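In what follows, a single structure is set out as structure tokens and then discussed.
Proteins get letters first, then strands, A, B, ... in listed order; numbering begins at 1 in each. Nothing here was measured: the structure is a model prediction, and the numbers come from that model.
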Amino acid sequence: MSTVESLLSAHLSAAFSTLTGVMSDPQVHRSARADFQSNAALALAPALGLSSREVATAVVTAADLGDVATASVSGPGFINLTLLPPALNRLLGAMAADPRLGVPLVSAPETVVIDYSGPNVAKEMHVGHLRSTIIGDCLLRVLRFTGHNVIPVSHIGDWGTPFGMLLERLVEIGEDSGSLSIGDLDAFYKAARHRFDTDPDFADRSRQRVVLLQGGDPETLRLWKLLTSESARYFMAVNSRLSVLLTPSDFVGESFYNDQLASIVSELDSKGLLRQSSGAQCVFPPGFTGRYGEPFPLIVRKSDGGFGYAATDLAAIRHRALVLGGQRVLYVLGTPQSQHLEMVFAVARQMGWLDGVAVKHVGFGSILGEDGKMLKSRRGKSVKLIDLLDEAVARAGEVNPSTATAVGIGAVKYADLSSAMVKDYVFDLERMLSLHGNTSVYLQYTHARALRVIHRAGTSPRSSDLAIADGQPGIGSPDAIAGGLRIETPQERALALALLAFPGAVQAVAAELEPHRLAGLLRDVAVAFTRFYEDCPVLNAEPGIRESRLVLCDLTARVLAQGLYLLGIEAPERM
RNA sequence: GCGCUCGUAGCUCAGCUGGAUAGAGCAGCGGACUUCUAAUCCGCCGGUCGCAGGUUCGAAUCCUGCCGGGCGCACCA
């Protein structure tokens, strides 16, 4: 049992089942009126022919809660539960002694493939890649921490017709011109685009270059590799700035699937799913309709004979399920892509590739400017991701240069991860970098304060290097810690309860793939710690109380550091 | 037109998947540093949860229908 709720449920469920004759969930939740409350009596009362208060009263008298909690009936039939000191101390002691802070490893680890980030070769990463990269990285961290075998995949756009003009442009300016160096790729792409649009000869050569590329012409391939490797270096530079865990070996470009596309089409055909439509070879998964209610196609082969992106996506999902052995395959992509993905999923299911495989689109909304519209630069162009990050770091540096990167990058990431993914959000650096409100700065500041107290106490800091995936040696036996705890004031109790909710929050993110739940818990912990910090002196407290409060400081720092780590955010020791 | 999605305080957002009196931050007003980081904290002000029905002991949350915003709907990914 990893959460307090489940511990209380276990104690109550016996009483409920003897009363009703069936096993039922006691529905234990956090409560504003007590530590926890059980709501099941209200739901069960009608079937038993009793009033809900009678049911609740019967359960309370029958329940054997030992020294875990006290229970009382409240209102129309709620059962209020208050943890008793021995149980509270045991739970905290176990958490403090556990390098994993009470977060259990899953009993049945799964292979989980996560598709995220996915920038395009020879193009700047822009805000559109920000959310996918950040959310994907967070899910990677959380799923790995809970014990799953996670395979990250950045589906790089490294193939297709645009490469004709890009390569032709490369030939034109010469590969030693320096325009390929990191940071100049955007200018390079725009120049190629411009040449393509304005010079018919160049456009012709570009089209021929596509044919050469697809035909495997050695010189063309050499140039193509030059472009892709240079882009990979650039992506890594951005990933590094973002503290994202992706490595070059996680980049699996569209080109990787090239030699599988023909077999994809023939497989579809042999299953009878392929149909000609307007010269293109298509699959029409049931249930998808177009503008006029007509069947809507997934185009796997275009009328010009080229493969569409749907073919690549089908090859990718097959590879992930059948070759990589993904039991879960996640796609961290914007919600506008949902229909396309659903169609890919549907076809993959029809093909039998997904038996026993759970696929899910982890969709997210758009980033908006302060005008409430899709974030664009003043000139209407998409905003360069690196510019956004630089500005955040610069602003954070105005307050404190030594923590500029941790605070600036953290603020951008936290703003993204702390709100519900499905919704759009407004990119507002001022709000993100505020010390008030639900921001990473506040969490980092709280972490630094908690750590400061420990330092001042002369105890060795145990939190500073805890932000790791595999945990850290504990600080003592659970019983020894529990025996020394004296959780007495309301502030101490509130902080203790907030800390104990950490494992459940991590598990919730792993199950629901919603990082903002963890963010919300960290915020709760920080608020609770701040009130504790204001009202409960640590260093000057009497012996006994002092040690107990130091444990709370230590746990707070560790939970915040580990939680921020799982979100992909650094936790500086000082601010 | 069809589909997906969102609508909660003046603004930006939570609301733990159906629970008691809907919570934060910003903005506004008023307070608190001789004490572990005031980059902080406390108090006040502020809500017919878009509208209308339905489901039941109970709805911001679930179902239906409207209203309003966003996105998607054939060879770009």
Side-chain angles (χ1 to χ4, degrees), chain A residues 5 27 29-33 37 39 42-43 45-46 51-52 74-78 118 120 155 157 159-162 254 277-282 287-294 296-304 306-310 312-313 333-340 342 363 365-366 368 372-374 399-400 407 415 418-420 422-426 428 430-431 434-439 441-442 444-446 448-457 501 504-505 508 512 514 516-517 519-521 523-524 527 530-531 533-541 549 553 574-575:
Chain A
E5 282 93 335
Q27 295 185 40
H29 301 289
R30 288 295 298 273
S31 171
R33 307 194 167 211
Q37 66 182 50
N39 301 330
L42 293 89
S51 79
S52 46
S74 172
F78 299 104
N120 296 310
H155 193 70
W159 203 254
T161 46
E254 295 168 338
S277 178
S278 305
Q281 293 180 301
C282 309
F288 294 91
T289 54
R291 193 180 298 269
Y292 307 104
E294 79 284 11
F296 192 68
L298 202 55
I299 298 172
V300 292
R301 189 154 210 174
K302 300 182 284 184
S303 52
D304 67 2
F307 295 102
Y309 56 86
T312 309
D313 287 340
L333 283 170
T335 50
Q337 313 248 29
S338 74
Q339 189 190 33
H340 169 69
E342 288 303 328
S366 306
L368 309 178
K373 301 190 170 180
M374 298 270 283
V399 182
N400 183 348
V407 170
S418 59
S419 65
V422 288
K423 298 210 259 189
D424 299 345
Y425 77 92
V426 176
D428 178 358
E430 187 148 350
R431 180 176 55 79
S434 169
L435 196 51
H436 304 272
N438 192 12
T439 67
V441 193
Y442 180 68
Q444 289 168 324
Y445 179 66
T446 305
R449 285 170 119 189
L451 219 49
R452 182 70 173 164
V453 178
I454 296 168
H455 273 111
R456 290 288 295 262
E512 309 296 330
E514 292 175 348
H516 80 288
R517 293 205 188 190
L521 170 97
R523 162 80 181 165
D524 289 346
V527 168
T530 300
R531 292 187 178 143
Y533 182 90
E534 295 283 330
D535 293 329
C536 304
V538 178
L539 301 179
N540 297 327
R549 289 180 177 171
C553 290
R574 293 167 196 274
M575 286 185 67

Classify the nucleic acid contact of [X] as base, sugar-phosphate or nothing, counting any heavy atom under 4.0 Å across all strands shown.
| X | value |
| --- | --- |
| A:Arg523 | sugar-phosphate |
| A:Arg33 | base |
| A:Val426 | sugar-phosphate |
| A:Ala420 | sugar-phosphate |
| A:Ser52 | nothing |
| A:Phe288 | nothing |
| A:Ser418 | nothing |
| A:Asp428 | nothing |

Rounded to whole angstroms, how far apart are [atom1] on [X] and [atom2] on [N]?
| X | N | atom1 | atom2 | result |
| --- | --- | --- | --- | --- |
| A:Leu42 | B:A59 | CG | P | 13 Å |
| A:Arg574 | B:U37 | CZ | P | 10 Å |
| A:Glu342 | B:G3 | CD | P | 16 Å |
| A:Arg517 | B:G15 | CZ | P | 8 Å |
| A:Asp524 | B:A14 | CG | P | 14 Å |
| A:His340 | B:A74 | NE2 | P | 13 Å |
| A:Asn39 | B:G58 | CG | P | 15 Å |

Can you tell me which nucleotide in [options] comes closest to the side chain of [X]?
| X | options | answer |
| --- | --- | --- |
| A:Ser419 | B:G1, B:C36, B:A14 | B:A14 |
| A:His516 | B:G1, B:G15, B:U37 | B:G15 |
| A:Ser278 | B:G1, B:C75, B:G19 | B:C75 |
| A:Tyr445 | B:U40, B:G1, B:U35 | B:U40 |
| A:Pro46 | B:A20, B:A74, B:C57 | B:C57 |

[N] phosphate, OP1 or OP2: any side-chain N/O from [X] under 4.0 angstrom?
| X | N | result |
| --- | --- | --- |
| A:Arg456 | B:U37 | yes |
| A:Arg531 | B:C42 | yes |
| A:Lys302 | B:C76 | yes |
| A:Lys423 | B:A14 | yes |
| A:Arg449 | B:A38 | yes |
| A:Tyr442 | B:C41 | yes |
| A:His436 | B:U40 | yes |
| A:His29 | B:G18 | no |
| A:Arg452 | B:U37 | yes |

Could you check if a side-chain atom of [X] sits within less than 4.5 angstrom of a side-chain atom of [Y], using non-hydrogen atoms only?
| X | Y | result |
| --- | --- | --- |
| A:His340 | A:Asp313 | yes |
| A:Gln444 | A:Val407 | yes |
| A:Gln37 | A:Gln27 | no |
| A:Val527 | A:Tyr442 | yes |
| A:Arg517 | A:Glu512 | yes |
| A:Cys553 | A:Val538 | yes |

For [N], the Watson-Crick or wobble partner whose two distances fall under 3.5 Å:
| N | answer |
| --- | --- |
| B:U55 | none |
| B:G72 | B:C2 |
| B:C36 | none |
| B:U17 | none |
| B:C66 | B:G50 |
| B:C26 | B:G10 |
| B:C45 | none |

Exercise. Quick one: pull up CG in A:Asn438 and OG in A:Ser419 and give me the separation to the nearest 0.5 Å.
Key: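 OG of A:Ser419 is found 9.0 Å from CG of A:Asn438.
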
Quiz item: On RNA chain B, nearest-nucleotide positions of A:Val422 versus A:Glu534: which is more 5'?
Solution: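 First, find each residue's nearest nucleotide; the 5'-ward one identifies A:Val422.
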
Exercise. Using the closest heavy atom to pick a nucleotide of RNA chain B for each, name whichever of A:Gln337 or A:Ala43 lands nearer the 5' end.
Key: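 Its nucleotide being nearer the 5' end, the pick is A:Ala43.
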
Would you state whether a donor and an acceptor, one from the side chain of [X] and one from the base of [N], lie under 3.5 Å apart?
| X | N | answer |
| --- | --- | --- |
| A:Glu254 | B:A77 | no |
| A:Ser277 | B:A74 | yes |
| A:Thr312 | B:A77 | no |

Quiz item: Hey, is A:Phe78 stacking on B:A20? Ring centres under 5.5 Å, planes under 30°.
Solution: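 Yes, A:Phe78 stacks on the base of B:A20, since the ring centres sit under 5.5 Å apart and the planes are within 30°.
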
Quiz item: Is it true that atom CD of A:Glu294 has more than 12 heavy atoms of other residues, nucleotides or ligands lying nearer than 6.0 Å?
Solution: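 More than 12 within 6.0 Å, yes.
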
Quiz prompt | Cation-pi, A:Phe78 ring and A:Arg33 (6.0 angstrom, 45 degrees) | solution =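 Because its charged atom misses either the 6.0 Å distance or the 45° angle limit, A:Arg33 does not stack over A:Phe78.
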
